[in-house]
**Student:** 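One structure, as structure tokens, below. Some questions next.
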Amino acid sequence: MGAIITLTTDFGLEDAFVGMMKGVILGINPGVTIVDLCHLIPPQDIAGAAFLIHTSHRYFPPGTIHVVIVDPGVGGQRRAVALQTPLAAFVAPDNGLLSYVVREMSQRQAPYNLVHLNRPSYWLPHVSATFHGRDIFAPVAAYLSTGVPLNEMGEPIQELVMLPQSGPLRQGEVWLGRVTHVDYFGNLITDFTPEEIQELRPGATLQLSIGSQAIQGLQQTYSEGQPGCPMALIGSLGYLEIAIPNGNAAQSLGAGVGTPVRLEFK
Amino acid sequence: MGAIITLTTDFGLEDAFVGMMKGVILGINPGVTIVDLCHLIPPQDIAGAAFLIHTSHRYFPPGTIHVVIVDPGVGGQRRAVALQTPLAAFVAPDNGLLSYVVREMSQRQAPYNLVHLNRPSYWLPHVSATFHGRDIFAPVAAYLSTGVPLNEMGEPIQELVMLPQSGPLRQGEVWLGRVTHVDYFGNLITDFTPEEIQELRPGATLQLSIGSQAIQGLQQTYSEGQPGCPMALIGSLGYLEIAIPNGNAAQSLGAGVGTPVRLEFK
Amino acid sequence: MGAIITLTTDFGLEDAFVGMMKGVILGINPGVTIVDLCHLIPPQDIAGAAFLIHTSHRYFPPGTIHVVIVDPGVGGQRRAVALQTPLAAFVAPDNGLLSYVVREMSQRQAPYNLVHLNRPSYWLPHVSATFHGRDIFAPVAAYLSTGVPLNEMGEPIQELVMLPQSGPLRQGEVWLGRVTHVDYFGNLITDFTPEEIQELRPGATLQLSIGSQAIQGLQQTYSEGQPGCPMALIGSLGYLEIAIPNGNAAQSLGAGVGTPVRLEFK
């Protein structure tokens, strides 16, 4: 079966945790292609993983199965769930990891199915209390990739646990947002999208404020900025991004996830 | 050929050492699936790699070929060897890396074959003196995955170099063990298994001592512990594990590989 | 299609940048095998990536496609290019990344083709200004792997941007070279090859000088050296290498990329 399964976890790369999941998957579907999306999600950073799967899943072919495991509640009461959309399927603990994807489906009025994964016949025979990634989520994803319908592996549900809505707030002619992600290069990804920018005053000069730093205008590319000077552009993840060419914006501006950003036009 | 080859090394991720091994393998068997188990084994930590392959290989389908390379003696007198068990094959330098797997086979009275890999016709034409992972072990694993019998690639041998036996020692009603692995989350994996715990006094309260810290009782899941307080449970690798919920037990307890752990019932 | 695509980038492992490239590739050619060569190239280190692809590509089967992305000029004037040799194809920004490979082809008088990738019909429909790895290079490599000829994806060109020639210089009976790469173990890879060593006085004793340290003779393997003492050998990448058995030569000698090394015979 030529399916694709992606893996996103906070398991790090120093152990064989991810490798064991791959062994389980290949034991069920030897023909599947497994892609590592990221295993260096900061430990227990549910919001970070939710943002990552939101911004990256659209680059995979239709039918791709995404396994997302950041699971501080493993072994406790939290449910194992799956989400099927027209584009992809997602398998994850029910703790907010799929918040962005579900909201996107709702906004687009796209149909989607939610399932509580509660049929142990699709799990490993022995389920540990601390590693459901290997014992529950990996086999479920593998069976899904072989064509087992999601509804056979669990019961329909209506809602998932959701992270608090985090989009920017409009106050008159000002948008108040925040940094939602810092990438490897130290670029600050905010929650402003081109839509919000358009909504205000296209044509006027955009002005951003982050801490005591003001940034004027929107560039197209890093190379249009001045080395060492903060600049703004629409980044490759589809959000307004604050960068310092040849530098690290997060370090230089002392900013990180949650830092407030103010957007207006003057 | 739909075989699986896993790779475990101390080569790190900053060079193309692992990538070159994959190129060699795919040149011999284009259809093989290659899985990275771990490349961040601490440099020259033979015991760590031996423990990792022991605890993870059982999650792969029968017939999987595991290449394990931690090789401080590369280019010297140490042999290149292979081990075939009913479940899997292993290719490695003969320096103790396969100790756990061999002991497990012996304990289960399972049959296994050992081979000294000394037939250069199954190696790369030019063998460097410092990178047998690429020049010997990768091609041997690849030929094995195409169906070449192990016996064609070397001569039968009777024994491998073994690490000192490391299991816990019983002294009357007390077991003396140690930490054998610290995982990415700082959990301390000990050499106690459920079998040893059962052997003492099931029903009484288990008491662990590590340094000046005492831990009472065995939990099922991390979520049953108190945040910040050391707890014990049987971890996903099948060994008794000391953890601190939402914390790092290794750092908080100042413990690491080799730290003594005492187990008794009261 | 059973083709192989390798990926070499400075994107790190903390984001899904590499994963998104794989999604794009698999969407175009589901049957391709993708191999990560390295994603921890130091940010914007073009010379380091150029050396890595030079020393590793020969271990892949003929026809392999190598994508190399270190791209400080993304979105600016630099071209996207491809290079086809008898052994492999390379897709990269035109900033020096392919210097070693092109020089090797020239020295061997091997034929090769250069193409300016300027046909957007082989790119993603929406091309971001900051992530051409995903939007241009990944789809071009994928189409190439499906059999689309390079000439359909761009126009022939005659030359690429080249890094300054970096080989060692001969001054009478002395070669002056430098460290070109420091590997994960701290070994110092120089730009001296066996050819240059042969050219001087085979039979006499080789003497290397790096900083105030002198090293006499050439060993075959690490295990012939003294623990803690600097030694020289021809390393697995084909270059003269300075190592400290069981140690880290870069740290102990205070050396790094660019450190001068002097080679003579006495």
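All values derive from a computational prediction rather than experimental measurement. Chain letters run A, B, ... following the sequence lines, proteins first and then strands; every chain starts at 1. Computation of the quantities below employed the complete heavy-atom set of this structure, encompassing side-chain atoms and omitting hydrogens, waters and symmetry-equivalent molecules.
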**Student:** May I have the list of side-chain donor-acceptor pairs in residues 224-234 of chain A shorter than 3.5 Å, sequence neighbours left out?
**Tutor:**
unit_1   : atom_1 : unit_2   : atom_2 : d
A:Glu224 : OE1    : A:Gln220 : N      : 3.0

**Student:** Hey, which residues of residues 113-129 of chain C are touching chain A, say heavy atoms under 4.5 Å apart?
**Tutor:** C:Leu124, C:Ser128, C:Ala129
**Student:** Side chain, backbone, both or neither: which part of A:Ile41 has a non-hydrogen atom closer than 4.5 Å to chain C?
**Tutor:**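 It is neither, since no heavy atom gets under 4.5 Å.
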**Student:** Identify the heavy atoms of A:Leu37 and C:Gly19 that sit nearest to each other, and give their distance.
**Tutor:**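 In this case the closest contact between A:Leu37 and C:Gly19 is CD2-CA, 3.7 Å.
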**Student:** By salt bridge (charged side-chain N to carboxylate O under 4.0 Å, His left out), which residues pair with C:Asp71, not counting sequence neighbours?
**Tutor:**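 Counting only residues at least two positions away or on another chain, C:Asp71 forms a salt bridge (charged side-chain N to carboxylate O under 4.0 Å, His left out) with C:Arg78.
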**Student:** I need the single residue from C:Met20, C:Met21, C:Lys22 that forms a side-chain contact (heavy atoms from CB on, under 4.5 Å) with A:Val35. Which is it?
**Tutor:**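 It is C:Lys22; the other options fail the test.
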**Student:** Given that the side chain runs from C-beta out, which part of A:His181 has a heavy atom under 4.5 Å from chain C: side chain, backbone, both or neither?
**Tutor:**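 Side chain of A:His181 only, per the 4.5 Å heavy-atom cut-off to chain C.
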**Student:** What's the spacing between C:Asp15 CG and A:Ser56 OG if we round to 0.5 Å?
**Tutor:**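 It is 10.0 Å, given to the nearest 0.5 Å.
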**Student:** Need one label for C:Val24: side chain, backbone, both or neither, based on atoms under 4.5 Å from any heavy atom in chain A.
**Tutor:**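 Contact with chain A: backbone and side chain both.
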**Student:** What part of A:Thr55 lies closer than 4.5 angstrom to a heavy atom of chain C: side chain, backbone, both or neither?
**Tutor:** backbone
**Student:** Tell me whether the rings of C:Phe17 and A:Phe185 are parallel (<30°), tilted (30 to 60°) or perpendicular (>60°).
**Tutor:** tilted
**Student:** So which residues of residues 60-69 of chain A are in contact with chain C at a heavy-atom cut-off of under 4.5 Å?
**Tutor:**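 Hits under 4.5 Å: A:Phe60, A:Pro61.
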**Student:** Side chain, backbone, both or neither: which part of A:Asp183 has a non-hydrogen atom closer than 4.5 Å to chain C?
**Tutor:**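 Interface part for A:Asp183: both.
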**Student:** Specify which of C:Asp10, C:Ile34, C:Val74 makes the most heavy-atom pairs with chain A at under 4.5 Å.
**Tutor:** C:Asp10
**Student:** Test C:Glu14 against every option in A:Val182, A:Leu52, A:Leu40 by the side-chain contact (heavy atoms from CB on, under 4.5 Å) rule and name the one that passes.
**Tutor:**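 Per the side-chain contact (heavy atoms from CB on, under 4.5 Å) rule, the option paired with C:Glu14 is A:Leu40, out of A:Val182, A:Leu52, A:Leu40.
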**Student:** Would you say CZ of C:Arg58 has more than 12 non-hydrogen atoms from neighbouring residues, nucleotides or ligands within 6.0 angstrom?
**Tutor:** yes
**Student:** Nearest 0.5 angstrom please: A:Ile4 CD1 to C:Leu26 CG, how far?
**Tutor:** 4.5 Å
**Student:** How close do A:Ser236 and C:Phe131 get, counting heavy atoms only, and between which atoms?
**Tutor:**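 Nearest pair, atom of A:Ser236 first, then C:Phe131: CB-CB, 3.4 Å.
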